[in-house]
Amino acid sequence: MKKIIVIPGDGVGKEITQAAQLVLTKVSEKFSLDLTFEEHIAGGAAIDAVGVPLPDETLEACRNGDAILFGAVGGKKWDNVDPSIRPEKALLGIRKAMGLYANLRPVKVFDCLAEKSPLKTELVRGVDMIIVRELVGGIYFGERCESEIKNGVEQAWDTEIYSVPEIERISKLAFESAESRRKKVTSVDKANILATSRLWRKTVANLSKNYSDIELDNLYVDNAAMQLALNPKQFDVIVTSNMFGDILSDEAAVITGSIGMMPSASIGELTSFYEPIHGSAPDIAGLGIANPIGTILSAAMLLRYSLKNESAAQSIENAVDKVLADGLRTPDIYDDGTKKVSTEEMAQAIKDRI
Ligand code: IPM
Ligand code: MN
């Protein structure tokens with residue numbers, strides 16, 4: 001038996017995780033995986049219920065699960081709560097407590113949706129890259145000061161620390177991912193300015209000696225941001241720090257023009273965590289129109305990375321390709337000549353094609 005911890009969170013979280021569970025249940029039957037699901041609260045839902053965004057029981061459940069399927073957290077309702085209990089703290093808390101050191105964000109343009117991209121279709125058609133973002137270190141978790149008075153003026157500061165083992169661990173995963181892809185790693189840093197970036201660049205270069213068949217390229221983050229918009233097809237695997245990865249992965253998501261379709265995995269040593277990259281979309285919550293595909297493809301990543309079942313993962317990805325080819329679209333990706341469906345109808349259609 002494999003226990004999947006499901007954390008719907010807030011906003012559309014409930015609908016999209018339910019949709020993914022419907023599909024996973026079908027895959028479980030077909031591939032005899034014996035999956036079970038256990039639901040827990042986090043984010044605003046948890047603030048309302050117990051006063052904190054990440055209750056101990058939820059974290060404990062994550063520790064005992066085989067994998068975590070997450071919806072989204074946050075919403076206007078909790079915008080003004082104390083910073084120490086913001087819904088986002090649930091995410092950061094799970095990442096840190098579970099040691100989810102690598103955030104994988106595949107950026108793949110679906111052929112039939114290439115025209116949805118705000119970039120020129122010929123630039124984006126065929127884009128297929130993965131961003132490997134360090135997730136439990138760097139400036140996100142360094143020492144900081146919210147406010148202090150120095151020389152009579154108020155100031156604040158954050159610090160970024162990276163150690164060689166932290167850089168090696170994430171880069172190793174990037175090189176390994178490249179092995180089964182187009183064998184190119186682009187490491188992104190700001191080595192012309194930052195000490196952490198210089199150590200990053202040196203460490204990645206040393207490690208690359210173990211991967212002689214992989215081409216390694218280094219880009220400064222400002223240039224990388226530009227290259228993503230100018231010529232996104234040049235990228236295969238991008239590896240970068242927590243902060244740079246946060247920014248670049250949002251930019252990269254726009255290339256596809258269909259953020260509702262984008263999955264992610266956060267890989268840890270003990271367990272891993274899967275979520276769509278879009279947020280909780282409170283404005284459409286409960287209307288049954290959210291696109292469940294980002295979550296369903298995250299479930300496919302769960303099967304691939306946590307359950308090591310490549311065929312089960314592919315069965316979901318192929319089913320998604322089929323529903324798109326059949327013209328089914330949730331409102332966010334709808335165009336004339338296609339068929340508009342609800343969250344549930346989309347999930348059902350994917351399930352039926354497995
Ligand atoms: C993300 C989000 C989070 C981050 C926030 C919600 C803490 O933007 O997963 O990219 O900054 O890492
Ligand atoms: Mn982000």
Side-chain angles (χ1 to χ4, degrees), residues 7-13 16-17 41-47 52-54 58-59 62 68-107 129-142 144 146 158-162 166 170 188 221 224-225 228 238-256 258-268 272-283 285 294-295 297-298 301-302 305:
I7 304 179
D10 308 315
V12 295
I16 57 176
T17 49
I41 54 172
I47 297 175
V52 290
L54 181 58
T58 300
L59 202 50
C62 291
I68 306 155
L69 182 69
F70 192 86
V73 288
K76 271 212 165 47
K77 184 172 173 200
W78 306 282
D79 270 355
N80 296 316
V81 299
D82 189 84
S84 63
I85 60 156
R86 282 188 66 86
E88 292 81 358
K89 286 271 170 183
L91 261 181
L92 295 182
I94 294 177
R95 286 176 187 169
K96 196 66 179 175
M98 311 300 296
L100 306 177
Y101 69 94
N103 184 220
L104 309 186
R105 294 189 173 182
V107 179
M129 73 179 97
I130 184 161
I131 298 186
V132 179
R133 165 191 177 194
E134 199 290 325
L135 204 58
V136 290
I139 202 164
Y140 268 60
F141 292 98
R144 66 179 109 255
E146 300 285 335
D158 303 275
T159 46
E160 166 146 303
I161 297 184
Y162 268 117
E166 279 178 303
I170 188 79
V188 174
V221 62
L228 270 173
I238 291 180
V239 62
T240 191
S241 66
N242 204 343
M243 184 70 174
F244 295 158
D246 179 48
I247 299 167
L248 293 181
S249 59
D250 266 31
E251 185 190 358
V254 172
I255 296 171
T256 69
S258 43
I259 196 161
M261 318 264 304
M262 313 302 294
S264 81
S266 299
I267 306 291
S272 299
F273 175 100
Y274 302 86
E275 62 170 335
I277 76 158
H278 63 75
S280 58
D283 52 319
T295 319
L297 290 175
S298 300
M301 292 184 88
L302 182 158
Y305 295 109

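Nothing fancy with the numbering, it's 1 onward along the sequence. Atoms within each ligand, like the ligands themselves, are counted from 1 in listed order. Values below: every heavy atom of this structure, side chains too, minus hydrogens, waters and symmetry copies.
Considering each of Glu88, Glu275, Arg95, the one bringing a non-hydrogen atom nearest atom 9 (O) of ligand 1 is Arg95.
Atom OG of Ser266 is separated from atom CZ of Arg105 by 7.5 Å, given to the nearest 0.5 angstrom. Taking CD1 from Ile277 and CD1 from Ile131, the interatomic distance works out to 8.5 Å, rounded to the nearest 0.5 Å. Taking CG of Asn103 as the start and CG of Asn242 as the end, the distance is 8.5 Å to the nearest 0.5 Å. Rounded to the nearest 0.5 Å, atoms CG (Leu228) and CD1 (Ile255) are 5.0 Å apart.
At least one heavy atom of Arg133 sits closer than 4.0 Å to an atom of ligand 1.
Summary of contacts: the protein heavy atom closest to atom 2 (C) of ligand 1 is Asp246 OD1, 4.1 Å.
Residue contacts with ligand 1 for Arg105 involve side-chain atoms from C-beta outward but no N, CA, C or O (heavy atoms, distance under 4.0 Å).
The atoms of ligand 1 that sit less than 4.0 Å from any heavy atom of Tyr140 are 4 (C), 11 (O), 12 (O).
Contact detail for Ile41 and Ala46: the closest heavy-atom pair is CD1-CA, 3.8 Å.
Residue Asp246 counts as close to the Mn ion (ligand 2), with an N, O or S atom under 2.8 Å.
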